[in-house]
2 protein chains.
Amino acid sequence: MSDKYVEMLRSRGYRITPQREMIIEELAKTNAHMAAEEIHDSLKSRTKSLNIATIYRTLEMLVEEGLACRNDLGGGCVVYAITRHGPHIHLVCRLCGQVIEADYELLTDLGYKLKQEYGFEADLRHISLFGICSKCQREQEETRS
Amino acid sequence: MSDKYVEMLRSRGYRITPQREMIIEELAKTNAHMAAEEIHDSLKSRTKSLNIATIYRTLEMLVEEGLACRNDLGGGCVVYAITRHGPHIHLVCRLCGQVIEADYELLTDLGYKLKQEYGFEADLRHISLFGICSKCQREQEETRS
DNA sequence: TTTACTGCAAATAATTTGCAAAACT
DNA sequence: AGTTTTGCAAATTATTTGCAGTAAA
């Protein structure tokens, strides 16, 4: 599943190390967005020591090659995902931290209007919006009563 | 011009120090968004030593009181602005850094749909969208030719 | 006079970097 | 063999925190 990405890198002259394979596999096997530290935790059970610096370097390389996308969720939280993943909206819950992926279609009209009215070419392909998810809304209401 | 904010804080029980006045004045005198460090640089020419920690603490307080809004521009760049007017969209140009304020109305439909389809209560009042402004688009085209 | 606020310096947290050793090709 | 890449530890950057002294109210 991650072989496609590995071959792509090899053909571009990158060396394929077990560390790089593991990182790509970890990202590719899930649709989730992962922080560098999460990838580290997840993999260090399998290997004794995969250094965090190597993870940062590999992620940076993947983003440069267009194989991964980087998402700054604010508050110092940065996550990465494999690009196969088409464009989508990240709905980040301020209370529980959950990230919901919403349909990109909801933004096409906005993108069009920003271009028309302000001449601004917005990159809306992986934006993050903050708010409260439905579960936390319910919990807030229960607490209030 | 910043007196309004100062009085608002005083009435809420905060003590008004020269440091706080300067920081508020600096933010209020411009429409620009400023990073903590920028405020520091801008003010330390006027005063010998206004500590950066005080700036962070004041900014946090202003945000909590709803007098300023904090904007995480990604890549470790966090800026603050006085919330002088109602909600708006920040259009941040990736090339020249210019921030255009766009009409909040453009988001009402999106907010409604996120609530309907995902149960997500998004806070869209001061979001930042990234892209290329019209001026930079033109410059890019000229360079290409 | 009371206690919030400031400055300072040390602590954090997330990421980056220099460099010698290890390992792809 | 020759050059990338890794691990480690130290450096960086942005922000936060503890604490004793200062100053609003």
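As the structure is a computational prediction, the values presented were derived from the model and not from experiment. Per chain, numbering begins at 1; letters A, B, ... match sequence-line order.
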Q: For A/Glu60, check side chain to side chain contact (heavy atoms under 4.5 Å, CB included) against everything at least two apart and list the hits.
A: A/Glu64
Q: List in numerical order all residues of residues 59-69 of chain A for which some heavy atom is under 4.0 Å away from an atom belonging to DNA chain D.
A: none
Q: Write down the distance between CZ (A/Arg10) and C1' (C/dT25), rounded to a whole number of angstrom.
A: 9 Å
Q.
So, using side chain to side chain donor-acceptor pair (under 3.5 Å) as the criterion, who are the partners of A/Arg15 when residues are at least two apart?
A. none
Q: Enumerate the residue pairs fulfilling salt bridge (Lys or Arg N to Asp or Glu O under 4.0 Å) with a member in residues 128-143 of chain B, sequence neighbours excluded, ordered by first and then second residue.
A: none
Q: For side-chain contact (heavy atoms from CB on, under 4.5 Å), just list the numbers for B/Thr58 and B/Gln19, CA-CA rounded to whole Å, side-chain angles, deciding distance to a tenth of an Å, and then say yes or no.
A: CA-CA 9 Å; B/Thr58 300; B/Gln19 291 89 335; 5.8 Å; no
(Q) Which residues pass the salt bridge (Lys or Arg N to Asp or Glu O under 4.0 Å) test with B/Arg46, not counting sequence neighbours? (A) B/Glu25, B/Glu26
Q.
Under 3.5 Å, is there any donor-acceptor pair linking the side chain of A/Arg57 to the base of C/dT16?
A. no
Q. For A/Asp3, what residues pass the side chain to side chain contact (heavy atoms under 4.5 Å, CB included) criterion, not counting sequence neighbours?
A. none
Q. Hey, what bend do you get for the helix from C/dT1-D/dA25 to C/dT25-D/dA1 if you fit axes on five pairs at each end, rounded to 10°?
A. 30°
Run the side-chain donor-acceptor check on residues 112-121 of chain B: report pairs under 3.5 Å with partners two or more places apart or on a different chain.
{"from": "B/Lys113", "atom 1": "NZ", "to": "B/Asp109", "atom 2": "OD2", "distance (Å)": "3.2"}
{"from": "B/Lys115", "atom 1": "NZ", "to": "A/Gln137", "atom 2": "OE1", "distance (Å)": "2.6"}
{"from": "B/Lys115", "atom 1": "NZ", "to": "B/Glu121", "atom 2": "OE1", "distance (Å)": "3.3"}
{"from": "B/Tyr118", "atom 1": "OH", "to": "A/Asp103", "atom 2": "N", "distance (Å)": "2.9"}

Q: For B/His90, check ring-ring contact (aromatic ring centres under 6.0 Å, His included) against everything at least two apart and list the hits.
A: B/His33, B/His88
Q. Any side-chain N or O of B/Asn51 under 4.0 Å from OP1/OP2 of C/dC8?
A. yes
Q.
If you take any heavy atom closer than 4.0 Å to DNA chain C, which residues from residues 21-29 of chain A end up in contact?
A. none
Q: Heavy atoms of chain A, cut-off under 4.0 Å: which first and last nucleotide of DNA chain D, 5' to 3', fall inside that, if you could look?
A: D/dG2 to D/dC8
Q) Rounded to the nearest 0.5 Å, how far does CG of A/Leu27 lie from OG1 of A/Thr83? A) 9.5 Å
Q: Would you mind classifying the nucleic acid contact of B/Ile52 as base, sugar-phosphate or nothing, using non-hydrogen atoms under 4.0 angstrom?
A: nothing
**Q.** Residue A/Val78, side-chain heavy atoms: nucleotide from C/dC5, C/dT15, C/dG7 that is nearest
**A.** C/dT15
Q. What salt bridge (Lys or Arg N to Asp or Glu O under 4.0 Å) pairs are there with at least one residue in residues 68-80 of chain B, not counting sequence neighbours?
A. B/Arg70-B/Asp72
Q) In terms of the nearest nucleotide of DNA chain C, which residue is placed more toward the 5' end: B/Tyr14 or B/Ala53? A) B/Tyr14
